[in-house]
Amino acid sequence: MKMASSKGTGTKGTGTKATLARCQNLFDDLQFTAARQWKAARAGRKVIGYMPIYVPREIIHAADMLPLGVLGGGDQLEVIHGDAYYQSYICRIPRSTVELGVSGRLDFVDGMLFPSICDVIRNLSGMWKLMFPDVYVRYFDLPQNFADDIGGIFYRNELADLRRDLGEIRGRPITDDELRASIEVYNENRKLVGELYDFRAETPWQAPAAEVYLVLRAGMVLPVEEHSALIGDYLAAARAEKRPMRDNCRIVLTSVFCEQPPLNLIKSLELAGCYVVDDDLLLVTRWLTEDVSAKGDPIGNLADAFLHHSVSTPAKYEPNQAEKGRYLVRAVKRTGAEGVIFAAPSFCDPALLDRPMLQNVLKKAGIPYIAFKYAENSGQMQPIREQAGTFADSIKLWSAA
Ligand code: SF4
């Protein structure tokens, strides 16, 4: 294993508490101390930041670099300079990301990837180039055509360009063997994340949504091997603990794929009576739905996985109109959910444009839903608690009828 190989997280046998305390520290730390320490531990190490939703972290890992998820500033960062770069009527993540940059919190980051998700992120990539001319910046384009001989060729070229660039930054090309080894490491991580999600869907009182989120969020800053060990520790401890089962309804939380909701919002949903049994938070950890083959051409395998085995989301084009929104119906059935909560960042074009179409699909399938908006720094949870609580009560009444 090429990176800091995991010897466990040091929290084994101490219940979920110690693991969660560590995750909370990582979550709260807007200086990214863990990533800074990783970089400082060996001369020549490099860190590559990436924004939501998806980048092929395998390629960064194969170059011996640390992929660092940059997910905005949350509700603890005061945005002072970032506001000056954007108009008012726009989501908050680009402004808080600019704030992270200009305040020096990302001064150890050697490169930034901006995946194609919306115009805001695309424009941010251009701004980053101007603001930080010494940093490698790439607008990472993703295919919106899923034919192997069209979008597939396009995406292979994108992947190959990224591979070449990172090899040049390292000073040595990334080999196929390195890529295949990294694919295996990420397959293992995806397997553990899948186990965590399955465990929560089966017994949501044993793995509250805010805890699962913190465990996943740690994977944005830790080396993947360490993160896999951490998930394993949490799962083992959560399975061993006995927690009370509440009379909550089960919901799928959706549209939270980019700007992250405040942790308090996730906690509020459960306090209001809704167990989250599936969500689209931190999708980079679950974007690919099957193992990527670690045999043969690794770039071709990554492209194939994106084209044919990746999740559906409003930020990804759905060429088959009959399939539009069906993923939500499937998620509800798979997890035994009783309703869907659309929680979209304010001013988020991909989430808000798709929402009426997705709601129509749910309506036809007889699945209840509610919708609200948030910003990463929303502080007032009472309206959300009331809305989610009323939703939970009405579901219980309907299902009892
Ligand atoms: S929150 Fe929505 S609009 Fe804002 S950057 Fe993310 S995807 Fe784009």
Side-chain angles (χ1 to χ4, degrees), residues 49-55 68-77 79 81-102 106 112-132 137-144 213 216-217 220 253-266 279-287 306 310-318 324-325 327-328 341-359 371-379 384:
Y50 63 88
M51 290 204 68
I53 310 177
Y54 170 76
V55 298
L68 174 74
V70 178
L71 303 164
D75 58 1
Q76 295 303 312
L77 181 73
V79 173
H81 307 94
D83 274 338
Y85 289 74
Y86 281 99
Q87 68 273 32
S88 311
Y89 297 114
I90 198 170
C91 56
R92 192 171 188 266
I93 185 172
R95 291 182 272 156
S96 61
T97 304
V98 167
E99 187 71 32
L100 290 173
V102 296
L106 296 173
M112 276 290 282
L113 302 180
F114 297 85
S116 67
I117 163 170
C118 71
D119 289 349
V120 174
I121 302 261
R122 183 178 59 187
N123 294 344
L124 186 56
S125 73
M127 288 165 60
W128 213 265
K129 270 188 190 161
L130 295 174
M131 288 190 295
F132 306 105
V137 175
R138 183 170 183 88
Y139 174 64
F140 185 69
D141 220 345
L142 298 164
Q144 300 290 342
Y213 179 71
L216 237 59
R217 184 76 189 244
M220 301 297 104
L253 177 65
T254 191
S255 299
V256 282
F257 49 80
C258 183
E259 180 174 318
Q260 300 295 287
L263 192 57
N264 267 341
L265 190 154
I266 302 173
D279 62 54
D280 59 354
L281 289 155
L282 305 173
L283 270 185
V284 68
T285 60
R286 308 182 304 292
W287 185 268
F306 185 96
S310 58
V311 295
S312 298
T313 161
K316 189 177 135 194
Y317 179 61
E318 173 51 71
K324 184 91 187 171
Y327 69 93
L328 277 178
I341 294 182
F342 290 88
S346 292
F347 306 108
C348 175
D349 280 356
L352 296 172
L353 281 171
D354 255 29
R355 197 166 78 186
M357 291 179 265
L358 302 179
Q359 288 175 338
F372 55 76
K373 288 179 276 185
Y374 65 85
E376 61 179 3
N377 64 337
S378 293
I384 285 170

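We're numbering straight along the sequence, starting at 1. These numbers were taken from a predicted model, which means no experiment stands behind them. Whatever order the structure lists ligands and atoms in, that order sets their numbers, starting from 1.
Every atom of ligand 1 with a heavy atom of D349 under 4.0 Å away is listed here by number and element: 3 (S).
Ordered by chain and number, C258 SG make up the set of protein N, O or S atoms under 2.8 Å of atom 6 (Fe) of ligand 1.
Note on K324 versus E318: no salt bridge recorded, every NZ/NE/NH1/NH2 to OD/OE distance being 4.0 Å or above.
The ring-ring contact (aromatic ring centres under 6.0 Å, His included) check on Y54 picks up W287, F306, with sequence neighbours excluded.
The closest side-chain heavy-atom distance from Y85 to P94 is not below 4.5 Å.
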Would H81 and V98 satisfy side-chain contact (heavy atoms from CB on, under 4.5 Å), going step by step from the backbone distance to the final call?
CA-CA 8 Å; H81 307 94; V98 167; 5.6 Å; no
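The backbone N or O of S346 sits nowhere less than 3.5 Å from a side-chain atom of R92 that would complete a donor-acceptor pair.
Separation of atoms CZ (R122) and CE (M127) is listed at 13.5 Å; rounding is to 0.5 Å.
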